[in-house]
Amino acid sequence: METRPLDKRTAEFLRSFAVIVITGGSSGIGRALLGRMEEYAPDAWVGNVSRSIPEGWTEGPRRRHLAADLSEAAEVERVAAALRELMPREGRILLVNNSGFGAYGPFPAPNLPHTLRMVDLNARAPVHLTGALWPELLARGGMVANVASLAGYQPVPLMATYAATKAFLLNWSVALDEEGRGRGVRSVAVCPGPVSTNFFRGAGFSAPTGLPGQSAEDCADDALRAMRDGAAERATGWSNRLLGAVSARLPKAWAAAIGRRAIERKLGRTAR
Ligand SMILES: NC(=O)c1ccc[n+]([C@@H]2O[C@H](COP(=O)([O-])OP(=O)(O)OC[C@H]3O[C@@H](n4cnc5c(N)ncnc54)[C@H](OP(=O)(O)O)[C@@H]3O)[C@@H](O)[C@H]2O)c1
């Protein structure tokens, strides 16, 4: 698929970083973000952290893949130490916490250990990795971008834990932005709606869900524009922005009841 060139301001924004670290660059939204970083920040040192190496990724002195399972605290520690060792000592840092997965079904489907791993990956790992790099971020300036979700704006029955991890990430990120902005570190929470990636298969759907959504490339470009603008939080795509604004304002029990009907109707038939 031919991708549109990135606009000048967003390209300049990307070039303002000496170091870019992204988690989950091996597929989906993360792979699309990584593609933009490779193309538009050729002089930056770019590190990807995920279990598998991104397809088509060529390692070099400025392009490193650090294999790690971020649902394990010890792996986060190990990878943070490796990043501190490998990355250049000067210049602004962009950290993108993007790794995550979902699970569909009545709590704790598919099972409790899987659900707890999801909490560890989606919520604990971003806090852990950001905390481990926080002294460098404060000393050198930069940005933490957290890939949350539209699901973070409301309680979502049948994806209860996933949505709650994203609500955590969203609120944590916005609060961190308020703390860090006067000290040279911005935080941006990016909230995609449905995006056609491996996410739905991983969440327990056997077939395409039929949900209208963005491509990973469009979502990644919207995410980069949110970072460029220093938006404390932004849903990707105008229809998601509208939906997020409405669902965040509903009483939570109403949002849960409406959400349950919508999710059963739209997703139930493709669940495994
Ligand atoms: N797709 C959507 O509709 C949607 C909507 C809203 C928000 N999001 C969020 O967007 C982010 C990216 O998802 P995606 O849609 O691009 O899905 P994806 O294609 O499944 O990508 C998920 C990424 O997370 C990484 N990951 C998974 N488990 C990991 C682990 N234990 N340790 C380290 N990395 C791990 C994967 O890499 P490895 O498998 O190589 O480890 C992969 O690169 C997620 O946080 C997701 O919650 C997605």
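Counting starts at 1 for both ligands and their atoms, following the listed order.
Between Pro194 and ligand 1, a contact under 3.5 Å exists for no N or O pair. Any N or O atom pair closer than 3.5 Å counts here, and Ile29 shares at least one such pair with ligand 1. Distances between N or O atoms of Gly24 and those of ligand 1 include at least one value under 3.5 Å. Note: no N/O pair closer than 3.5 Å links Ser149 and ligand 1 by distance alone. For a threshold of 3.5 Å applied to N or O pairs, the pair formed by Gly30 and ligand 1 contains no separation below that value.
Heavy-atom distances between Ala125 and ligand 1 stay at or above 4.0 Å for every pair. For Lys166, the closest heavy-atom approach to ligand 1 falls below 4.0 Å.
Given atom 22 (C) of ligand 1, the protein heavy atom at minimum distance is Gly100 O, 3.7 Å. Atom 3 (O) of ligand 1 has Val195 N, 2.8 Å as its closest protein atom, hydrogens excluded (heavy atom only). At the top of the distance list for atom 47 (O) of ligand 1, counting protein heavy atoms only, stands Tyr162 OH, 2.7 Å. The nearest protein atom to atom 11 (C) of ligand 1, hydrogens excluded, is given as Asn98 O, 3.1 Å; this is a heavy-atom distance. Closest to atom 34 (N) of ligand 1, if we only count protein heavy atoms, is Ser99 OG, 2.9 Å. Atom 18 (P) of ligand 1 has its closest protein heavy atom at Ser27 OG, 3.3 Å. For atom 4 (C) of ligand 1, the closest heavy atom belonging to the protein is Gly193 O, 3.9 Å. In terms of protein heavy-atom proximity, atom 43 (O) of ligand 1 is closest to Ser26 OG, 2.7 Å.
Side-chain contact between Leu224 and Arg36 is present, with at least one heavy-atom pair separated by less than 4.5 Å. Side-chain contact between Leu94 and Val21 is absent, with no heavy-atom pair separated by less than 4.5 Å. Counting heavy atoms from C-beta on, the side chains of Leu129 and Asn97 come closer than 4.5 Å. Leu170 places none of its side-chain heavy atoms less than 4.5 Å from the side chain of Lys166. Within the 4.5 Å cutoff, side-chain heavy atoms of Ser50 are placed close to those of His65. The shortest side-chain heavy-atom distance between Phe107 and Leu158 does not fall under the 4.5 Å cut-off.
Considering Thr23, Asn122, Asn98 in turn, Asn98 is the only one that fulfils the side chain to side chain contact (heavy atoms under 4.5 Å, CB included) rule with Val147.
In summary, the atoms of ligand 1 found under 4.0 Å from a heavy atom of Asn198, numbered by their order in the structure, are 19 (O), 20 (O). Numbered from 1 in the order shown, with element, the atoms of ligand 1 that lie under 4.0 Å from a heavy atom of Ala148 read 7 (C), 9 (C). Interface atoms of ligand 1 facing Leu121, defined by a heavy-atom separation under 4.0 Å, are 27 (C), 28 (N), 29 (C), 30 (C), 31 (N), 32 (N). Heavy-atom contacts of Ala68 reach the following atoms of ligand 1: 32 (N), 33 (C) (cutoff under 4.0 Å). Within ligand 1, counting atoms from 1 as listed, the ones closer than 4.0 Å to a heavy atom of Gly28 are 16 (O), 19 (O). Near Val147, meaning under 4.0 Å from one of its heavy atoms, ligand 1 places the atoms 9 (C), 10 (O), 11 (C), 45 (O). Of all atoms in ligand 1, listed by their number and element, those nearer than 4.0 Å to a heavy atom of Asp69 are 30 (C), 31 (N), 32 (N). Within ligand 1, counting atoms from 1 as listed, the ones closer than 4.0 Å to a heavy atom of Leu70 are 30 (C), 31 (N), 32 (N), 33 (C).
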Original post:
Please walk me through it: do Phe101 and Arg117 pass side chain to side chain contact (heavy atoms under 4.5 Å, CB included)?
Top reply: CA-CA 9 Å; Phe101 68 82; Arg117 264 200 307 282; 4.3 Å; yes
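Between Phe205 and Tyr104, the distance from one ring center to the other falls under 6.0 angstrom. For Phe199 and Tyr162, the ring centers sit closer than 6.0 Å to each other.
For atom 40 (O) of ligand 1, the candidate residues are Ser52, Ala220, Ser50; the nearest heavy-atom contact is made by Ser52.
The environment of Arg92 atom CZ is dense: over 12 non-hydrogen atoms of other residues, nucleotides or ligands sit within 6.0 angstrom.
In this structure, the separation between CG on Leu150 and SG on Cys191 is 7.0 Å, given to the nearest 0.5 Å. Between the CD atom in Glu72 and the CZ atom in Arg124 there is a gap of 8.5 Å [rounded to 0.5 Å].
Ring orientation note: the planes of Trp172 and Phe168 are close to parallel, at an angle under 30° on the 30°/60° scale.
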